[in-house]
Amino acid sequence: MSRPRGTTVPTHETVAAVSTRPDLRRGDEGEGAGSKPLVFGVEDVSVYYGGFRAVRNVDLAIGQQEITAFIGPSGCGKTTMLRCFNRMNDLIPSARIEGTISYHGVNLYEDGVNPVEVRRRIGMVFQKPNPFPKSIYDNIAYGPRIARLDGDMDELVEQALRRAALWDEVKDRLKDLAMGLSGGQQQRLCIARALAVDPEVILMDEPCSALDPIATGRIEDLMEEIKSSYTIIIVTHNMQQAARVSDRCAFFTAEVNETSDTRTGILVEFDRTEKMFSNPADERTENYVTGRFG
Amino acid sequence: MSISAPLSSGISAEAVRRRLHGQRFDLPGIVVHVALLLSLLFSLVVLGVLVYDLVSGGWDVFASRFASFLSGTMRFAASESGIAQALRGTLWIGVFVVALAFPFGIGAAVYLEEYAPDNRLTRVIDINIRNLAGVPSIVYGILGFAVFVKTLSGLTGGRSVIAGGITLAILVLPVVIITAAEAIRAVPDDLRQGGYGLGATRWEVTRTQVLPYAAPGILTGTVLSLARALGEAAPLILVGAVVGRLGSNPGLFDIGSLDQRFTALPIVITYWAGLPQPDFRALTAAAIVVVLAIVLAANAAAILMRNRYESKRG
């Protein structure tokens with residue numbers, strides 16, 4: 001598979017509106033409508049794995065320096081959707097996407113877009129902490145090295161670890177293997193690793209599902225702290241977490257297909273988090289956030 | 001709120017203890033345990049007897065004339081014969097295997113696992129490589145004779161160590177590909193995802209994540225296949241290794257004479273073992289010990305490198 005190089009994605013372009021569709025702007029009702037510039041505009045996106053449609057007809061608008069949470073029951077396409085934002089689904093040969101996801105107005109899936117360049121700007125933190133089998137230092141330095149960033153690597157590593165609130169715990173053992181850290185530390189290391197390449201967006205796929213409540217709390221604090229510099233999209237099964245950390249919330253659910261025994265994810269509602277949890281427009285959202293379903 | 005005492009179950013501790021202490025006689029478990037131990041012992045004893053027999057058989061040779069045995073050539077008299085020419089052949093065969101089978105084998109494995117799409121064609125190729133690994137070595141000898149001795153004689157010089165080395169490199173190539181592919185398949189996908197997620201290209205992920213993690217497994221497979229190549233006699237006989245006395249004795253690193261007639265340790269062992277004079281029996285044993293030593297040295301090197309990589313893996 002050839003990956004055309006040379007096309008870069010502009011990073012600091014503000015897009016006032018990505019769509020005229022009324023349902024896309026639904027999330028901007030109420031206070032602060034349109035106050036944040038958009039980073040991503042998602043229009044009528046469906047994702048297929050071979051012939052199976054995993055998620056269909058999603059419209060979203062992701063604001064800059066906001067935390068957007070994707071919630072919903074298992075198998076409703078949250079992770080699939082998340083992985084479209086940095087083209088990680090390209091790694092699955094059968095995956096196919098319809099519709100457009102624009103990043104500062106540029107369709108991420110148009111011809112000439114290099115997924116490698118996309119992923120350097122849109123970082124990812126995975127469900128299970130996945131430190132590389134290298135030292136703590138080399139884990140952080142990995143991204144800057146492959147991106148051939150200039151500057152003092154020691155300083156860069158320290159900065160990334162400080163931003164991820166891990167520096168004080170590891171500063172005396174930077175040469176130790178990252179596998180020796182606890183689960184929560186490993187996940188913060190993975191966040192630091194993602195921050196080290198200075199992305200604009202961080203995608204987090206259930207980053208706390210393998211962690212205890214204390215480690216989870218630290219990651220949530222961390223998200224709150226870095227929010228001023230980054231745009232974050234987080235998939236979570238934990239509704240309290242979504243309520244605590246996110247500014248906007250997208251509720252997905254799965255509908256059973258009539259012709260086959262498969263389930264396709266749909267976006268039910270997308271709005272400000274307070275509204276989603278206090279006064280959702282859709283009954284299904286209300287049932288889910290109040291714990292009556294899912 | 002106070003915690004109430006646990007409900008009494010009405011069974012005395014003594015009765016519970018009796019039940020818990022009951023030991024059932026686990027006959028199948030014991031039989032299996034003993035059988036497993038016996039299989040291990042059997043293998044160890046057979047190997048031990050073999051090694052003892054060889055070392056004691058060849059000991060006189062090593063004790064009385066170690067240096068002249070290593071540096072001597074093939075002669076009529078057992079007391080003057082040595083394995084210099086055979087050592088040279090075996091060394092160069094090893095060089096060809098390392099230089100050809102390792103890079104091509106590992107390269108093919110990386111391509112199959114990391115680059116090629118998973119479709120019917122690649123699955124057919126995969127199955128065929130597995131089948132090739134099971135083809136008897138004599139068949140590779142015929143291939144080597146037809147292709148490298150006859151067709152490409154201008155390149156190889158005909159019945160030369162070049163032809164023999166390439167033939168054995170091809171013989172072990174499928175095994176190298178299979179073991180390297182298995183090692184690459186065992187690399188956790190987390191690592192690849194982590195690399196791609198940071199904006200690494202496919203080659204960067206392969207070079208910095210996949211290959212370092214798979215290195216110990218790849219090493220084990222390649223060194224085992226090297227050992228196999230160094231011990232093969234049948235294909236070499238077909239590509240024209242000299243079974244018997246070889247006149248020329250160029251230096252170990254005389255590259256200019258690689259296109260000349262050659263012999264190798266397994267060939268010399270075959271030849272000496274067939275001679276009627278009892279003196280050659282000791283030489284045979286000594287030559288086998290030398291082959292074993294070379295293979296063990298290669299394995300030891302692989303284990304050392306493996307440990308180094310694995311300690312990095314954590």
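Residue numbering restarts at 1 for every chain, and letters A, B, ... go by the order of the sequence lines. Basis for what follows: all heavy atoms, side chains included, without hydrogens, waters or symmetry-related copies.
More than 12 heavy atoms of other residues, nucleotides or ligands sit less than 6.0 Å from atom CZ of B:R123. The 12-atom threshold is exceeded at OH of A:Y109, counting heavy atoms of other residues, nucleotides or ligands nearer than 6.0 Å. Within 6.0 Å of NZ in A:K128 there are 12 or fewer heavy atoms belonging to other residues, nucleotides or ligands.
Annotation for A:I146 and B:L198: closest pair CD1-O, 3.9 Å, computed over non-hydrogen atoms. Of all the heavy atoms in A:P133 and B:Q209, the pair that sits closest is CD-OE1, 4.3 Å.
For residues 141-161 of chain A, the set of pairs meeting the ring-ring contact (aromatic ring centres under 6.0 Å, His included) definition, not counting sequence neighbours, comprises A:F132-A:Y142.
Within residues 174-195 of chain B, the residues having any heavy atom closer than 4.5 Å to a heavy atom of chain A are B:D190, B:L191, B:Q193, B:G194, B:G195, listed by residue number.
With sequence neighbours excluded, no residue forms a ring-ring contact (aromatic ring centres under 6.0 Å, His included) with B:Y140. A:N130 is linked by a side chain to side chain donor-acceptor pair (under 3.5 Å) to A:R193, counting only residues two or more places apart in sequence or in another chain.
If you measure heavy-atom distances from A:P131 to chain B, the contacts under 4.5 Å come from the backbone alone.
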Going through the checks in order, is the salt bridge (charged side-chain N to carboxylate O under 4.0 Å, His left out) test met by A:R119 and B:E204? CA-CA 14 Å; A:R119 294 181 201 129; B:E204 282 163 347; over 6 Å; no

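One distance of note links CG of A:N86 with OH of B:Y196; it measures 13.0 Å at 0.5 Å rounding.
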